[in-house]
Amino acid sequence: MDSIKEENIRQLKQLIADSCKIVVAGHTHPDGDALGATAAMALYLQDYAGKDVCCVFSDSPAANLGFILPESVRYHFHDTAPEDTISAINKADLIFLLDCNHFSRTEALEAHLAASKARKVLIDHHLNPDTESFDLVFSTPEISSASELLYWVMRVMGDSSASLGMTIEVGTALLTGMTTDTNNFANSVFPSTFRMASELIASGVDRDALLQKIYNSYRENRVRAMGYMQSEGLTILPEGAAYMVLTKEIQERFDIQDGETEGLVNVPLTIGKVRLSVLAKEDGDHFRISVRSKKGTSAQQLAQRFFHGGGHENASGGKVLIGADVPAPEAVPAYIETILKNFMG
Ligand SMILES: [Mn+2]
């Protein structure tokens, strides 16, 4: 990994050596990469470096991703335990932010993380990182995932081919994060990504067991909801964009839980003429927007310009705010359609 500088690794080792209480944070609505990278970082700091570590998130992970959380690691989620979460942040003397380019992506944690006097390290693969707020930054957009970036950081930290602290448990968490962020090697895959996977599998990480947990452990409701959305809930515009709006009503009808629509936004891209796909999911006072695109069309530009968001060139996210962007939830489909026609036109 050429982008990882020896000098930065020396600094990272020093920051870890100088700290006692370490907080590891990731983005809101944590996905497999945020959970995998933070789990691996926490295990490494706790089991190998012997530090007092905990992971903090604004909200609890989706049930189907719960298997990523190691039992030995302490977690605090702001939605269920706000005081514990804030207290952990306030006591920390070192903070890691993973799979996240800015403290604002941690939502409820933002003010506390930003105000903390702790030293701060960013390890991330999103575009436009907020380098100002950190003492040390590892930022590489040309990589599959934060989990892969952390893998190479740990490999360089290990000083030798036998990475110190790279246990099966750490490796499994990292392979999980990389697998989910690449949609099982379908996008954002680089030569280094295959090398990482190859090395981890050779070292004993059980990829088959992992794939069972990630892709073949859903509830029946999810498959039926995905079928419904693809047949009744999909609009394809002649401009080459597609969108789906998952209202509260549909979520309730199919008893959709957090995380169960993972992957749905990718489906319209399997249609030859569709270059851009948007999924809007109603969530309280806003709609969460997921954007995916084929090479040559920028999901990132769409999310940044129209949906208060951003992310990666072909996979981004954002929001539609009820009240600010649209008067009512009913106006969301027309709002998205106008934006898409404008953007693609
Ligand atoms: Mn990621």
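First listed ligand is number 1; within each ligand, the first listed atom is number 1.
Just one residue in the list Cys54, Ser60, Pro70 forms a side-chain contact (heavy atoms from CB on, under 4.5 Å) with Tyr75, and that residue is Pro70.
Between Phe77 and Phe57, the ring planes lie parallel to each other; the angle is under 30°, not in the 30° to 60° tilted range.
For His126 and His102, the ring centers sit 6.0 Å or farther from each other. Taking the six-membered ring wherever Trp is involved, the centroid distance between the rings of Phe287 and Phe307 does not fall below 6.0 Å.
Between Glu199 and Arg195, none of the side-chain N atoms (NZ, or NE/NH1/NH2) sits under 4.0 Å from a carboxylate O, so this pair counts as no salt bridge.
Partners of Arg222 according to the salt bridge (charged side-chain N to carboxylate O under 4.0 Å, His left out) rule, which considers only residues two or more places apart in sequence or in another chain, do not exist here.
Less than 2.8 Å away from the Mn ion (ligand 1), the protein contributes these N/O/S atoms: Asp33 OD2, Asp99 OD1, His125 NE2, Asp181 OD2.
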